[in-house]
Chemist: 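Okay, handing you the structure first.
Side-chain atoms are counted along with the backbone in the values below, which use heavy atoms only and exclude waters and symmetry mates. If you're wondering where the values come from, they're calculated on a predicted model, not measured in any experiment. In this chain, residues are counted from 1 in sequence order.
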Amino acid sequence: MNLSILIPLLNEEESLKELYTWIIKVMQENRYSYEIIFLDDGSTDKSWSIIQSFATENVHVKGIRFMKNFGKSQALHAGFAKAQGDVIITMDADLQDSPEEIPGLYEMITKQNFDLVSGWKKKRYDSVVAKNLPSKLFNWAARKTSGVELNDFNCGLKAYRNVVVKNIEVSGEMHRYIPVLAKNAGFGKIGEKVVQHQARKYGETKFGMERFINGFLDLITIWFLSRFGKRPMHLFGAIGSLMFVIGFLLAGYIGVSKLYHMYNNMRYSLVTNNPWFFIALTTMILGTQLFLAGFLGEIILRSKSNEERYKISNEINFL
């Protein structure tokens, strides 16, 4: 199978028919063998009924429905697990991603041997203040932190080699950082393609300004996990040990200094009257706690089980 097209959605009943017709047109024009997997993230409108009607008339249309809204990352995780195509395309259901970009993305994966190609909405039709400027700042921070040179991490239109999606773990709200996850998994050939961005035709965006705040927090998380996720003791243990040693040496100096003054009949004060004593004590306590945090992190990492992150209520056309 040439293509798996994954479409996560939440309450997009107005745009689904037009998007479906457009994708089928592109598939037929290019004679692709394909599957379209709609990932309904707990929609409360008629989205699922519409998807069921597509699946009834076209066996290549498949659907996964969550019991409630679990998030885009969980939807993509479920879709990645089911996808069978040689190339996986992800796109949003709001018609802001153009299906006409699919052949170009497919060619970059199959003929230029990219592992992952991310869309770049160079010309956007969003609010400059509310979306464009925060997005530029966010993408700049993501590039500097991750080392992945992409201009638009947030673009939902991406193409992947099948082996990539089978070897990355998308959780939380990490869908923004799939290229970083791919890089950390060892897939180094990551490209970018300028794609057409279309103004939203129906409904309202499901994301507000909080997505940029969450995005920066997720960026910190993924930076930490990429470096210390498999070895938390290397960070917490090292810092904790260093702080404990500094505190211990400082406390030792205070104690030896007092003994020296006592032995030489020099004037001295109680150790507890010295503010440095409390600084040393606090440093040793914090160092011990950080060391234990690293130790506990190692134990949890070795004993954790893969818990279910979402609940699926319905599936369509999967064998």
Side-chain angles (χ1 to χ4, degrees), residues 1-43 45-66 70 72-110 116-119 155-162 164-166 170 175 178 193 195-196 198 201-203 206 310 312-319:
M1 184 185 297
N2 299 134
L3 282 165
S4 291
I5 301 171
L6 273 53
I7 306 173
L9 63 109
L10 175 64
N11 297 332
E12 297 287 358
E13 61 180 357
E14 295 122 321
S15 62
L16 285 177
K17 179 64 177 177
E18 185 174 340
L19 176 64
Y20 168 71
T21 304
W22 197 354
I23 292 174
I24 294 300
K25 173 177 171 289
V26 173
M27 295 299 103
Q28 292 174 346
E29 286 176 349
N30 292 274
R31 297 183 179 180
Y32 292 135
S33 57
Y34 68 93
E35 63 179 359
I36 304 172
I37 305 177
F38 288 97
L39 305 162
D40 186 349
D41 188 19
S43 294
D45 62 1
K46 296 179 182 178
S47 293
W48 184 247
S49 298
I50 295 170
I51 293 167
Q52 286 179 312
S53 69
F54 295 159
T56 300
E57 68 182 47
N58 186 346
V59 295
H60 300 297
V61 174
K62 303 175 182 180
I64 297 174
R65 187 186 192 190
F66 286 174
F70 285 97
K72 187 174 181 179
S73 291
Q74 317 335 309
L76 288 175
H77 182 275
F80 286 161
K82 296 285 189 179
Q84 299 177 3
D86 296 329
V87 176
I88 286 82
I89 303 284
T90 61
M91 62 188 307
D92 294 334
D94 56 10
L95 293 174
Q96 290 190 288
D97 295 332
S98 170
E100 300 293 343
E101 303 288 354
I102 292 175
L105 293 168
Y106 179 78
E107 294 286 317
M108 290 182 72
I109 296 290
T110 56
L116 184 158
V117 179
S118 180
C155 182
L157 187 58
K158 290 182 173 66
Y160 311 82
R161 196 179 299 278
N162 185 285
V164 175
V165 303
K166 302 300 183 183
V170 187
H175 56 274
I178 292 179
K193 181 181 184 298
V195 297
Q196 180 182 356
Q198 303 182 126
K201 193 171 182 179
Y202 304 104
K206 309 300 188 298
Y310 48 82
I312 295 174
S313 63
N314 296 96
E315 291 185 356
I316 302 174
N317 282 349
F318 289 103
L319 299 178

Chemist: Using only atom types and a distance under 3.5 Å, with no angle test, would you say the side chain of Asn11 pairs donor to acceptor with the backbone of Asp45?
Modeler: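 Side chain of Asn11 to backbone of Asp45: a pair is present.
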Chemist: Nearest 0.5 Å please: distance from the CD atom of Glu12 over to the CG atom of Leu95.
Modeler: 8.0 Å
Chemist: Taking atom CD1 of Ile109 and atom CG of Leu116, what is their separation to the nearest 0.5 Å?
Modeler: 6.5 Å
Chemist: Quick one: does any side-chain atom of Ser118 pair with a main-chain N or O of Lys158 as donor and acceptor, under 3.5 Å?
Modeler: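 Here the side-chain-to-backbone pair does not exist.
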Chemist: Tyr32 versus Ile5: any side-chain heavy-atom pair under 4.5 Å?
Modeler: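 Not in contact.
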Chemist: What I'd like to find out is whether the side chain of Phe66 reaches to under 4.5 Å of the side chain of Ile312, using heavy atoms alone.
Modeler: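 The answer is yes, as the side chains (C-beta and beyond) meet within the 4.5 Å cut-off.
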Chemist: With a 3.5 Å distance limit and no angle check, can you tell me whether Asp94 reaches the backbone of Gln96 through a side-chain donor-acceptor pair?
Modeler: yes
Chemist: Closest approach of Pro99 and Pro103, non-hydrogen atoms and distance?
Modeler: O-CD, 3.9 Å
Chemist: I'd like to know if the side chain of Asp97 and the backbone of Met91 have a donor-acceptor N/O pair within less than 3.5 Å.
Modeler: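 No: the side chain of Asp97 does not pair with the backbone of Met91.
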Chemist: How far does CG of Leu9 sit from NZ of Lys72, to the nearest 0.5 angstrom?
Modeler: 10.5 Å
Chemist: So for atom NZ, which belongs to Lys46, do other residues, nucleotides or ligands contribute more than 12 heavy atoms lying within a distance under 6.0 Å?
Modeler: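 No, because the 6.0 Å sphere around NZ of Lys46 holds 12 heavy atoms or fewer from other groups.
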Chemist: Looking at Trp48 and Gly63, what are the two nearest heavy atoms and their distance?
Modeler: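 So the two residues come closest at CH2-C, 3.7 Å.
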Chemist: Say you draw a straight line from CD of Gln74 to CG of Asp41; how long is it, rounded to the nearest 0.5 Å?
Modeler: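 It comes to 8.0 Å.
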Chemist: Can you name the nearest heavy-atom pair linking Gly85 to Ser4, along with the distance?
Modeler: N-OG, 2.7 Å
Chemist: Ignoring hydrogens and angles, tell me if any N or O in the side chain of Asn2 forms a donor-acceptor pair with the backbone of Tyr34 under 3.5 Å.
Modeler: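 Here the side-chain-to-backbone pair does not exist.
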Chemist: Using atom types as modelled and distance alone, determine if a side-chain donor or acceptor of Ser98 lies under 3.5 Å from a backbone N or O of Glu100.
Modeler: yes
Chemist: Which of parallel (below 30°), tilted (30 to 60°) and perpendicular (above 60°) describes Tyr20 and Phe54?
Modeler: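 Rings of Tyr20 and Phe54: parallel, under 30°.
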Chemist: Side chains of Lys17 and Thr21: does their closest heavy-atom pair fall under 4.5 Å?
Modeler: yes
Chemist: I need the Met1 CE to Ile88 CD1 distance, nearest 0.5 Å.
Modeler: 10.0 Å
Chemist: To the nearest 0.5 Å, what is the distance between CG (Leu157) and CD1 (Ile102)?
Modeler: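 If we round to the nearest 0.5 Å, Leu157:CG and Ile102:CD1 are 7.5 Å apart.
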Chemist: Checking the side chain of Ser73 only, and the main-chain atoms of His175 only, is there a donor and an acceptor separated by less than 3.5 Å?
Modeler: yes
Chemist: Is it true that a side-chain atom of Glu101 and a backbone atom of Gln196 form a donor plus acceptor pair closer than 3.5 Å?
Modeler: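 Present.
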Chemist: Looking at Lys62 and Ile36, would you say the former's side chain and the latter's main chain have a donor-acceptor pair under 3.5 Å?
Modeler: no
Chemist: Taking Phe38 as the fixed residue, which of Ile51, Ile316, Ile64, Ile50 is the one that meets the side chain to side chain contact (heavy atoms under 4.5 Å, CB included) rule?
Modeler: Ile51
Chemist: Taking 4.0 angstrom as the limit, do Lys82 and Glu315 come out as a salt bridge?
Modeler: yes
Chemist: Whether the side chain of Thr90 engages the backbone of Leu6 through a donor-acceptor N/O pair (distance < 3.5 Å, no angle test) should be reported.
Modeler: no
Chemist: Quick one: closest heavy-atom pair of Gly79 and Ile37, and the distance?
Modeler: O-CD1, 4.5 Å
